[in-house]
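FYI, the numbering just counts along the sequence from 1.
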Amino acid sequence: MTNKGLVFFAGLSLVLFQSLAHGMGLRSFVALPVEQGGTVLRSTIERNADTDNATLVFNAAVGISSWQTLLLGLPYRLSPSGSERLGDIGALYRQIIVQSDTTAGTDRLGVLAGVVIPTAGERDEALQVGMVFTHYRGRHEIDLDGLYQRDLGGQASTARYDMSWQYRISPREYPDWGIPNEWYVVTELGGRWKQDNTAIHQMTFGLQRVAKRWVVEGGVIQDVNSPHETRYLFSIRFH
């Protein structure tokens with residue numbers, strides 16, 4: 001193999017396999033890449049500082065293939081106390097339909113489809129559809145996704161969008177060998193809509209510590225329109 005070929009192979013390997021854990025948006029789990037046979041487990045606590053409500057969300061992602069991923073989510077209400085704390089199970093299948101990998105970065109476009117399975121008798125099943133796009137170049141990553149949820153029992157349908165920009169502040173450049181620990185700053189714009197209600201748009205600012213097989217991340221979520229509430233988020237991921 002020529003020297004030019006070695007340089008290209010090394011650069012492509014760095015882009016594709018630079019770490020087993022990855023930076024991603026704080027409020028959305030659907031853009032995270034998962035290799036075939038790989039598993040990601042995530043626990044997230046989100047607390048509303050104005051109402052003192054707190055929710056713990058368990059997420060899992062399983063790589064069926066490099067282009068196919070199963071995503072699962074289950075929320076649990078920490079506060080206020082009371083009955084029916086366990087939320088509904090969300091299951092999504094992600095199919096990557098376009099992927100372009102180069103030594104400079106990667107672009108991915110995927111479609112999402114799945115169901116919501118109620119854990120309480122008075123709640124209904126729902127269908128979910130959406131799309132997700134990732135653009136990664138150098139120290140920058142942009143993730144865009146949207147998800148629509150149609151309630152099958154006639155209750156209000158919902159939708160959400162998330163636009164996240166992650167910027168690697170450390171290291172400025174990757175070493176020739178090895179997998180370094182990384183720091184990212186995260187800025188997000190997201191929206192949450194419920195049928196017959198006004199959409200709530202939110203800004204999120206956070207920080208991520210990415211190691212080889214785990215990630216610790218946290219941020220502040222601020223409504224930019226009514227009801228002007230502030231939330232705090234803390235998450236741990238294991239890859």
Side-chain angles (χ1 to χ4, degrees), residues 20-46 55-77 86-99 106-120 123-136 141-153 155-164 166 186 188-195 199-200 202 204 208 215 217 221 233 235-239:
L20 297 174
H22 300 264
M24 71 171 195
L26 293 175
R27 305 205 62 205
S28 177
F29 196 61
V30 299
L32 185 68
V34 185
E35 71 278 7
Q36 182 176 356
T39 302
V40 180
L41 302 177
R42 186 191 194 202
S43 296
T44 305
I45 295 177
E46 184 174 317
T55 303
L56 172 64
V57 181
F58 299 100
N59 287 109
V62 180
I64 302 171
S65 73
S66 58
W67 288 51
Q68 300 169 305
T69 306
L70 178 64
L71 304 160
L72 302 170
L74 178 64
Y76 179 82
R77 190 183 74 245
L86 190 65
D88 297 334
I89 301 170
L92 277 174
Y93 168 76
R94 182 183 69 200
Q95 174 71 56
I96 300 299
I97 56 176
V98 177
Q99 181 163 320
T106 186
D107 292 291
R108 293 187 300 271
L109 176 65
V111 293
L112 305 166
V115 295
V116 176
I117 304 170
T119 60
R123 298 197 292 265
D124 301 313
E125 295 83 3
L127 299 179
Q128 303 183 89
V129 294
M131 298 194 74
V132 55
F133 173 74
T134 293
H135 172 82
Y136 165 66
E141 180 174 333
I142 297 173
D143 295 316
L144 311 174
D145 65 78
L147 189 65
Y148 173 75
Q149 180 176 309
R150 177 63 181 269
D151 190 284
L152 297 180
Q155 300 296 318
S157 297
T158 63
R160 61 181 290 168
Y161 74 88
D162 292 283
M163 300 185 294
S164 173
Q166 295 96 254
V186 184
E188 299 182 35
L189 173 64
R192 305 293 184 265
W193 170 82
K194 188 173 183 179
Q195 189 176 342
I200 299 175
Q202 300 164 321
T204 302
Q208 295 178 328
V215 178
E217 52 199 358
I221 306 161
L233 178 150
S235 167
I236 298 177
R237 280 189 272 142
F238 296 97
H239 291 243

Notebook entry, point to check: Looking only at atom types and distance, does a side-chain atom of Q208 sit under 3.5 Å from a main-chain N or O of M24, one as donor and one as acceptor?
Noted result: yes
In terms of heavy-atom contacts, T158 and Y148 come closest through O-CD1, 3.5 Å
The reported gap from CG in L147 to CZ in R160 (rounded to nearest 0.5 angstrom) is 7.0 Å
Value for CD (Q166) from CG (D143), rounded to nearest 0.5 Å, stands at 5.0 Å
### Task
Kindly determine whether Q128 and L112 satisfy side-chain contact (heavy atoms from CB on, under 4.5 Å), including the steps that lead there.
CA-CA 8 Å; Q128 303 183 89; L112 305 166; over 6 Å; no
Query raised in the report: Any side-chain heavy-atom pair from V115 and L127 closer than 4.5 angstrom?
Result: yes
In short, salt bridge (charged side-chain N to carboxylate O under 4.0 Å, His left out) pairs touching residues 20-29 with sequence neighbours left out are R27-E46
Between R108 (side chain only) and I96 (backbone N and O only), is there a donor and an acceptor less than 3.5 Å apart? no
Is the closest side-chain heavy-atom distance between R237 and V40 below 4.5 Å? yes
Closest non-hydrogen contact found for Q149 with A126 is CG-CB, 3.7 Å
Does G87 offer a backbone N or O that forms a donor-acceptor pair with the side chain of T119 under 3.5 Å?
yes
ask   = For R150, does the CZ atom sit with more than 12 other heavy atoms under 6.0 Å from it, leaving out its own atoms?
value = no
Value for CD1 (I89) from CZ (F58), rounded to nearest 0.5 Å, stands at 12.5 Å
Tightest non-hydrogen contact, residues W67 and V98, listed as CZ3-N, 4.2 Å
Closest non-hydrogen atoms of L71 and A61, given as atom of the first, atom of the second and distance, are CD2-CB, 3.6 Å
Residue set satisfying salt bridge (charged side-chain N to carboxylate O under 4.0 Å, His left out) with R42, at least two apart, ordered chain then number -> E217
_Test item: D107 and F133 side chains (from C-beta on) under 4.5 Å apart, heavy atoms_ = yes
Salt bridge (charged side-chain N to carboxylate O under 4.0 Å, His left out) filter on R192, not counting sequence neighbours, yields D162
Just by distance, with hydrogens left out, do D151 and S157 show a side-chain donor and acceptor under 3.5 Å apart? no
Between V34 and G63 the two heavy atoms that sit nearest each other are CG1-N, 3.5 Å
Notebook entry, point to check: Going by atom types only, do T204 and Q202 share a side-chain donor-acceptor pair under 3.5 Å?
Noted result: no
When rounded to the nearest 0.5 Å, the distance separating CG of L189 from OH of Y161 is 4.0 Å
Correct closest heavy-atom pair for P118 and D88 would be CA-OD1, 3.2 Å
When rounded to the nearest 0.5 Å, the distance separating CG of L26 from CG of L233 is 6.0 Å
dist L72:CG -> N59:CG (nearest 0.5 Å) comes out at 8.5 Å
For the side chain of Q95 and the backbone of Q68, is there at least one donor-acceptor N/O pair under 3.5 Å apart? no
